[in-house]
Amino acid sequence: MINNKQYTDLAKKFGTPLFVYDGDLMLERYRDLFRFIPYPDLHIHYALKANYNPALLTLLRDHGAGIDAVSPGEVVLALELGFAPEKIIYTANNMTDAEFDRVMKTGVTVNIGSLSRLKKCAKSHPGARICLRFNPDVCDGDNAMTMTGGDLTKFGILLDDADEAKKIADSGNLHIVGLHEHTGSGLQHAESVLKSMDNLMAIATFERFPELEFMDFGGGFKVPYKEDEIPIDYVDMGSRIAAKFNDFCAVYGKKLIMRFEPGKYLSAECGALIVEVNTIKHNRSRTIAGCNSGFPQLIRPVLYGAYHQIVNLSNPDGAPARYDVCGNICETGDRFAEQRVLPEIREYDLLMIKNAGAYCYSMGSVYNLRPMPAEVVICGNEVADFRKALSDEELIAQILRK
Ligand code: LLP
């Protein structure tokens, strides 16, 4: 674990804003899953969309993880980093014919989530090996925008359409080797994971899908973001998952591979964004701590109302006061936290925004033409990788295609 003094030293060495990733913590979370879910043939496919830092991906690759990719770009990156095609599942939605053909050519398993795409696949790629994504019909997640189950969302084939899917697949002699569901991100209840499994397993009969090799139950394992959040009992949940799947396989008549595709669980907690406060302003009703980063670099609070813990690295024992922690972007909503009680913040203090390893850098943009921050990966107390920020000139050269 990186301690606060090390975070401060890294910020001084590399400058701020700075994303710091604790590679050891990410691997610990990876190993947790094997500890929690006592199923011998468990495969973890990291949801690359959460954080595509190449050094983190390489660490996961070296420890046997696969990849859940959602765009041709993510497939290209994973292949480039040496993930074998059979370790990658492609779960794009609303893909074009060209994207579909391109990924099929790589040997990566394509996960099809609509009858429309399935029909096209039966015509264009007869005999192909594919996975089918079903909508588990369970609604859960930390936010309405990240729930993927239920018929208010665009994802997956309806469970009711299982026979229709089978008919279409047979028309092109497609081999259905996997079934998939993803319920949402930040699942609040263990019961949701178990219920989604039940719903998918209910349609996964041997008679209907006799060639299954794996079942993929998506991602969504929640991590605590708030100080007082009650964590899910993953040991209990994991043993129930394993027992359920064992029972299913006994009925199905074959031991299948069990897959999960976590993003947040593996990478959220291992990341921190360190920013420097440059302006303290006392408005009539609010004290504003203005810092040298902004929502394009960590958008979750603005987009989802997400809560990220903030630590004042420079003045941990300061007298508590209430702050709006704001960024440097020309929008009122540009806040990392509103009315947050923190130890007194002074100009030039370093603040650490926690749980910034998932869906922060990867959802970043250069809005207001500020380059994304540098990233540093720490393993065994050493700097394992450093990726510098673009300079303003380099960013502008990209824009001008110079
Ligand atoms: N599998 C599929 C098919 C997915 O769509 C996702 C996430 C995952 C796996 C991984 O879910 P996770 O384990 O990371 O919860 N930007 C949002 C989260 C969006 C998740 C999108 N899909 C956030 O910052 O909360």
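In each ligand, atom 1 is the first atom listed, and ligand 1 is the first ligand listed. Small disclaimer: the values here were computed from a predicted structure and weren't measured.
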Going by the atom numbers of ligand 1, which of them fall below 4.0 Å from some non-hydrogen atom of Pro262? 13 (O)
Please state which protein non-hydrogen atom is closest to atom 14 (O) of ligand 1 and give its distance, to 0.1 Å? Tyr359 OH, 2.6 Å
Between ligand 1 and Gly220, can you find any atom pair, the residue atom being a heavy atom, that is separated by under 4.0 Å? yes
Nearest-0.5 Å distance that lies between atom CG in Asn292 and atom OG1 in Thr16: 4.0 Å
Heavy-atom pair of closest approach, residues Phe134 and Ala165: CZ-CB, 4.4 Å
Quick one: does Gly263 get an N or O within less than 3.5 Å of an N or O on ligand 1? yes
Interatomic distance, Asn278 atom CG to Cys291 atom SG [nearest 0.5 angstrom]: 7.5 Å
Could you point out which residue of Phe217, Phe245, Phe214, Phe248 forms a ring pair (Phe, Tyr, Trp, His ring centres under 6.0 Å) with Tyr39? Phe245
I'd like to know if Asp68 contacts ligand 1, where contact means a heavy-atom distance under 4.0 Å to any ligand atom. yes
Plane angle bin for Tyr234 and Phe36 - parallel if under 30°, tilted between 30 and 60°, otherwise perpendicular: parallel
Should Lys49 be listed as contacting ligand 1, given a heavy-atom distance under 4.0 Å as the test? yes
Ion pair check, Lys264 and Asp142, cut-off under 4.0 Å: yes
Ala50 and ligand 1 - part of the residue with a heavy-atom distance under 4.0 Å: neither
Of Phe260, Phe217, Tyr304, the one whose closest heavy atom lies nearest atom 17 (C) of ligand 1 is Tyr304
Thinking salt bridges, do Asp163 and Lys167 make one under a 4.0 Å N-O criterion? no
Under a 4.0 angstrom heavy-atom cut-off, which atoms of ligand 1 come close to Thr146? 17 (C), 18 (C), 25 (O)
Parallel, tilted or perpendicular, as decided by the 30° and 60° cut-offs, for the rings of Phe221 and Tyr265: perpendicular
Any N or O of Glu261 that comes nearer than 3.5 Å to an N or O of ligand 1? yes
Arg133/Asp216 ion pair, N-O < 4.0 Å: no
Short N/O distance, under 3.5 Å, between Asp142 and ligand 1? no
Which atoms from ligand 1 have a heavy atom of Gly219 less than 4.0 Å away? 9 (C), 13 (O)
Which residue owns the protein heavy atom closest to atom 5 (O) of ligand 1, what's the atom, and how far is it? His182 CD2, 3.5 Å
Sorted by chain and number, sequence neighbours left out, salt bridge (Lys or Arg N to Asp or Glu O under 4.0 Å) with Glu213 holds for Arg129
Heteroatom proximity flag, Arg300 to ligand 1, N/O under 3.5 Å: yes
Once you measure the plane-to-plane angle for Phe19 and Tyr361, does it fall in the parallel (<30°), tilted (30-60°) or perpendicular (>60°) bin? perpendicular
I'd like to check which ligand 1 atoms, numbered from 1 as shown, lie under 4.0 Å from a non-hydrogen atom of Met363. 16 (N)
Only heavy atoms of Lys264, strictly under 4.0 Å: list the atoms of ligand 1 that pass. 12 (P), 13 (O), 14 (O), 23 (C), 25 (O)
Could you identify the single nearest non-hydrogen protein atom to atom 15 (O) of ligand 1 and state the distance to 0.1 Å? Ser185 OG, 2.4 Å
